[in-house]
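Presented below is the structure to which this report refers.
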Amino acid sequence: MSEEKSLNFIEEIIEADLASNNCASISTRFPPEPNGYLHIGHSKAICLNFGLAAKYGGTTNLRFDDTNPVTEETEYVESIKEDIKWLGFNWTNELYASDYFDNLYAFALELIEKGLAYVDDSTSEEIALLKGTPTEPGKPSEFRSRSIEENRTLFTEMKNGVYKDGEKVLRAKIDMVHTNMLMRDPIIYRIKHAHHHRTANKWCIYPMYDFAHGQSDSIEKITHSICTLEFIPHRELYEWFIEKLNIFPSRQYEFARLNMTYTVMSKRKLLQLVNEGYVNGWDDPRMPTISGFRRKGYTPLSIRNFCEKIGVARRENMIDLSLLEFCLREDLNVTAKRVMAVLDPIKLVITNYDADKTEELTAENGPDEAMGTRTIPFSNTLWIEREDFMEVPAKKWFRLAPGSVVRLKNAYIVKCESFEKNDNGDISTIYCTYYPESKSGNDTSGISVKGTIHWLSAAHAATAEIRLYDRLFKVENPSAEEGDFKSFINPDSLTIIPKAYIEPSLTKVDLEERFQFIRKGYFCLDKDSTPEKMVFNRTVTLKDTWGKIAD
RNA sequence: UGGGUUAUUGUGUAAAGGUAGCACUACAGAUUUUGAUUCUGUCUGUCUUGGUUCGAAUCCAGGUAACCCAACCA
């Protein structure tokens with residue numbers, strides 16, 4: 001028996017459409033506005049749209065919803081394309097709503113000819129006032145009854161640049177007392193004497209979202225136009241235009257957007273974090289942007305798996321950050337090369353090991369034997385992690401303490417004989433003896449140890465700056481807290497270790513490589529690295545059972 | 001005081017009138033030259049009140065709660 005994976009509600013709709021021959025094949029689109037960087041919430045929409053088309057043998061267009069020239073820039077177009085490609089998706093066509101400005105203009109004219117659109121000279125305030133409120137009906141504007149001829153002339157003049165910004169708008173003539181505010185004669189064209197990133201100065205009137213989106217879907221013969229819940233009220237308008245214009249009937253379906261704990265997702269808030277210097281740009285590894293996750297060391301597969309696991313439904317959700325981290329570790333655990341690094345060093349001297357001697361020891365690169373091995377230098381003076389020694393050991397302490405034995409990973413078992421403190425009372429050096437017959441790989445010592453720690457030969461270790469990232473916010477849902485969301489920023493979201501020790505093998509790595517610094521977490525090279533100074537980012541920690549016990 | 005949408009364990013998500021399942025988290029144990037991984041196990045749930053039915057998360061009626069809608073933004 002093959003186990004049947006249950007379908008999400010959109011898949012059910014698609015399968016029903018396909019089965020009933022409602023459509024021969026499906027076509028979806030991902031329609032970002034190029035006014036900012038993509039974030040993890042967008043990846044849910046990307047995986048959904050591209051994933052659905054792939055599953056049912058359809059197509060997916062990338063369409064930039066660029067109907068507002070004042071907020072949109074080519075820089076964003078480029079970053080969006082890069083992010084989608086990085087996630088591993090290929091679009092069928094790269095399109096722009098601005099490609100359809102001529103069509104859209106013709107549609108507007110058609111509505112005017114049908115008596116379904118009119119030019120309104122009212123100010124923005126007057127229009128808002130007459131629109132009513134959700135609980136009070138709207139009233140018609142004095143310009144609502146203009147003749148078709150007059151509307152045609154006026155709209156043509158709007159297009160020809162006769163009027164200034166805000167002087168006139170084109171409105172659909174629907175119903176001023178409709179319970180859906182969006183149906184109360186929505187504005188469909190406004191005047192903006194602004195430079196557009198693609199059409200330059202060709203136009204001074206631009207269609208509104210509602211007049212562009214559905215028709216663009218229709219022109220592209222998109223069968224399933226998938227968007228987020230807040231567009232539910234727009235669906236009625238979306239269908240109204242398609243019906244009145246009698247064009248290809250694309251259908252809109254809505255799903256709940258992704259929310260995640262310990263971060264914010266709104267473009268407005270992310271922009272504030274960047275502009276007000278709380279983070280260092282859109283690709284700061286603490287940002288929930290795709291570029292931020294990429295720089296932090298996340299893999300495309302981990303994000304795709306995450307989007308698969310969170311599911312698709314219509315109820316509000318708040319996904320645990322831990323699920324994303326689980327998907328990340330799941331991937332990295334099998335792909336990341338194991339290496340050693342000491343972030344907070346303390347010196348360990350092996351008193352019975354020849355001070356002039358260096359040994360090349362063999363270490364496995366990963367759990368999969370196919371990843372091979374490498375050699376690492378060993379000598380009598382090592383760096384180990386300060387937290388791996390306790391002068392007075394706690395209960396269940398497996399690591400180093402006076403008189404205790406531990407294994408040095410890939411090397412020998414050592415016994416702590418004594419230690420020294422500096423003037424501040426901090427431990428400066430630990431003295432050990434080693435068991436020559438306990439060498440990793442052919443241990444004949446018969447000694448069993450509870451703990452294994454990582455180390456680096458002091459004479460051979462290279463150095464690097466290491467950046468440790470923690471969650472950006474102290475609270476699960478900063479947007480739901482009283483007061484400014486920025487007051488909940490975690491002050492320790494970034495810890496910089498200016499000089500940590502790393503294996504000499506790490507001096508030649510590139511940006512795409514992923515590492516597990518054994519016992520410390522997953523790391524990758526940061527783009528700030530120079531030949532003089534390497535910089536590593538911590539992608540995510542390892543799960544830490546001991547840390548919980550110690551607390 | 002309007003309209004729309006949604007309610008299943010701590011978090012997500014299944015169950016299309018018939019055993020409330022799966023994943024994450026948490027906790028416990030086994031294995032481990034990473035206190036990682038892996039493996040095993042445990043915990044907690046159908047918003048509420050009625051009704052229909054042999055049987056209801058599911059159907060019906062009434063409550064309640066949350067979210068969205070009054071940009072010339074998308």
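Keep in mind that the numbers below use all heavy atoms, side chains included, and drop hydrogens, waters and symmetry copies.
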Note to self: What residues from residues 118-129 of chain A pass a heavy-atom cutoff of under 4.0 Å to RNA chain B?
What the structure shows: A:Ser122, A:Thr123, A:Ser124

Check: Looking at residues 311-321 of chain A, who's got a heavy atom less than 4.0 Å off RNA chain B?
Finding: A:Val312, A:Ala313, A:Arg314, A:Arg315, A:Glu316, A:Asn317, A:Met318, A:Ile319, A:Asp320

Checklist line | Sugar-phosphate only, base, or nothing, as touched by A:Leu323 at under 4.0 Å among non-hydrogen atoms | finding: sugar-phosphate

Checklist line | Non-neighbouring partners of A:Tyr501 that pass side-chain hydrogen bond (donor to acceptor under 3.5 Å, both in side chains), sequence neighbours left out | finding: none

Check: Can you name the side-chain hydrogen bond (donor to acceptor under 3.5 Å, both in side chains) partners of A:Ser479, sequence neighbours left out?
Finding: A:Lys269

Next item on the list: Going by the ring-ring contact (aromatic ring centres under 6.0 Å, His included) test, name the single residue among A:Phe515, A:Phe517, A:Phe536 that passes it with A:Phe523.
Entry: A:Phe517

Notebook entry, point to check: If you look at every strand shown and take non-hydrogen atoms under 4.0 Å, does A:Thr133 touch a base, only sugar-phosphate, or nothing?
Noted result: base

Next item on the list: Locate the shortest heavy-atom distance separating A:Arg257 from A:Asn317; write the atom from each residue and the value.
Entry: O-ND2, 3.2 Å

Next item on the list: Indicate whether the side chain of A:Tyr96 and that of A:Glu72 have a donor and an acceptor atom separated by less than 3.5 Å.
Entry: no

Next item on the list: Hey, could you give me each pair passing salt bridge (charged side-chain N to carboxylate O under 4.0 Å, His left out) that has a residue in residues 129-138 of chain A? Not counting sequence neighbours.
Entry: none

Please report, to 0.1 Å, the donor-acceptor pairs under 3.5 Å made by any side chain of residues 446-455 of chain A, with sequence neighbours excluded.
{"residue": "A:His454", "atom": "ND1", "partner": "A:Arg519", "partner atom": "NE", "Å": "3.3"}
{"residue": "A:His454", "atom": "ND1", "partner": "A:Arg519", "partner atom": "NH2", "Å": "3.4"}
{"residue": "A:His454", "atom": "NE2", "partner": "A:Ala341", "partner atom": "O", "Å": "3.3"}
{"residue": "A:His454", "atom": "NE2", "partner": "A:Glu385", "partner atom": "OE1", "Å": "2.7"}
{"residue": "A:Trp455", "atom": "NE1", "partner": "A:Lys409", "partner atom": "O", "Å": "2.7"}

Note to self: Counting only side-chain nitrogens and oxygens, does A:Thr135 get under 4.0 Å of the OP1 or OP2 atom of B:rA70?
What the structure shows: no

Next item on the list: State which residues pass side-chain hydrogen bond (donor to acceptor under 3.5 Å, both in side chains) with A:Glu236; sequence neighbours excluded, sorted by chain then number.
Entry: A:His178, A:Asn180

Next item on the list: Check A:Met176 against A:Arg184 and note the closest heavy-atom contact, atom names and distance.
Entry: O-CD, 3.2 Å

Note to self: Does the protein touch nucleotides 39-47 of chain B at the base, only the backbone, or not at all? Give it as B, S and - per nucleotide, heavy atoms under 4.0 Å.
What the structure shows: ---------

Item checked: Listed partners of A:Pro137 passing side-chain contact (heavy atoms from CB on, under 4.5 Å), at least two apart -> A:Val177

Next item on the list: Please work out which residues in residues 160-175 of chain A have a non-hydrogen atom less than 4.0 Å from an atom of RNA chain B and list them by number.
Entry: A:Gly166, A:Val169

Next item on the list: Treating a pair as Watson-Crick (purine N1 to pyrimidine N3 plus N6-O4 or O6-N4) or G-U wobble (N1-O2 and O6-N3) with both distances under 3.5 Å, list the stems of 3 or more consecutive pairs that involve RNA chain B.
Entry: B:2-7 with B:64-69, B:10-13 with B:21-24, B:26-30 with B:38-42, B:47-51 with B:59-63

Next item on the list: Scan A:Arg329 against the nucleic acid and name what it touches under 4.0 Å (heavy atoms): base, sugar-phosphate only, or nothing.
Entry: nothing

Next item on the list: Classify the nucleic acid contact of A:Glu364 as base, sugar-phosphate or nothing, counting any heavy atom under 4.0 Å across all strands shown.
Entry: nothing

Notebook entry, point to check: Just checking A:Gly547: base, sugar-phosphate only, or nothing, at a heavy-atom cut-off of under 4.0 Å?
Noted result: nothing

Provide a list of protein-nucleic acid N or O atom pairs under 3.5 angstrom, restricted to nucleotides 26-29 of chain B.
{"residue": "B:rA26", "atom": "OP1", "partner": "A:Lys548", "partner atom": "NZ", "Å": "2.8"}
{"residue": "B:rC27", "atom": "OP2", "partner": "A:Lys548", "partner atom": "NZ", "Å": "3.4"}

